[in-house]
Every structure is written in structure tokens, then in C-alpha cells.
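Because the structure is a prediction, the values reported are computed rather than measured. Numbers here are sequence positions counted from 1.
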Amino acid sequence: MRHLSLSLRFARACRRVAVGLIAPAFPRLSHTEIESRIAQMTVARQCFVVGSVLSLVGVAGFTAAQFGVLGLLIFAALIMLIVG
């Protein structure tokens, strides 16, 4: 039972991170509106949306890492600007 609640908390945390990254693309919608729209989707579609966003961030991070510490610093600054 505890394992299920841990995975559910992890899934919700991933969804919140994805919403934080998606929200600046839709300035007229609040974070809660975007999160409720994602929550209304089927589980498979939710996994696709959240997985796609987090995968793109991962690929961007690995690409930034190719440019060394400076690339990672610029990547972190951009993420902070997007989410901030």
C-alpha cells in the first residue's frame, strides 16, 4: 500500500513540474487550470504529455552538458526563467 502512495505522489510531482514548464506557453490559463485539464485526460494521455515534457527537458539538459559548465549554467538559468 505504501508503495502505491509513493508512486502516486511521484506521478503528481512530475505532473506539477510539467505544468510549471507548460504554463508559460499559455499565459491566459493559470497553473490550476492547466493541471485540471491534464487531470481530465486519460491516464495514457497524461503519461504521454508529462513524459514528453520531461523528456524534452532531459534532452535539452544533455545537449547543454555538451557545452560544459557554462552550458549547464545557461540551461539552469533558462529553466528558472521559464518556471519563475
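Smallest separation of non-hydrogen atoms from P27 and P24: CD-O, 3.9 Å. Residue A23 comes nearest to H31 through the heavy atom pair CB-CE1, 3.5 Å, listed as atom of the first residue, atom of the second, then distance. Smallest separation of non-hydrogen atoms from F75 and A64: CB-CB, 3.6 Å.
Cluster annotation: L54 and L78 are assigned to distinct hydrophobic clusters (Ile/Leu/Val/Met/Phe/Trp/Tyr, side-chain heavy-atom contacts under 4.5 Å, transitive). I82 and F26 fall within a single hydrophobic cluster, where Ile, Leu, Val, Met, Phe, Trp and Tyr side chains are chained together by heavy-atom contacts under 4.5 Å. Criterion: ILVMFWY side-chain heavy atoms under 4.5 Å apart, direct or through other members. Under it, V19 and V83 are part of a common hydrophobic cluster.
Note that CG of L29 is 13.0 Å distant from CD of E35, once rounded to the nearest 0.5 Å. Expressed to the nearest 0.5 Å, how far CG of L72 lies from CD1 of I79 amounts to 11.5 Å. Put simply, SG on C47 and CZ on R15 are 9.5 Å apart, with the number rounded to the nearest 0.5 Å. Taking CZ of R45 as the start and CD of Q40 as the end, the distance is 12.5 Å to the nearest 0.5 Å.
For the side-chain contact (heavy atoms from CB on, under 4.5 Å) test, no residue two or more places apart in sequence or in another chain qualifies with L56. Residues satisfying the side chain to side chain donor-acceptor pair (under 3.5 Å) criterion with S30, sequence neighbours excluded, are T32.
Annotation: side chain of V17 is not in contact with side chain of V57 (no heavy-atom distance under 4.5 Å).
Judged as a side chain to side chain donor-acceptor pair (under 3.5 Å), not a single pair has a partner in residues 54-82 (not counting sequence neighbours).
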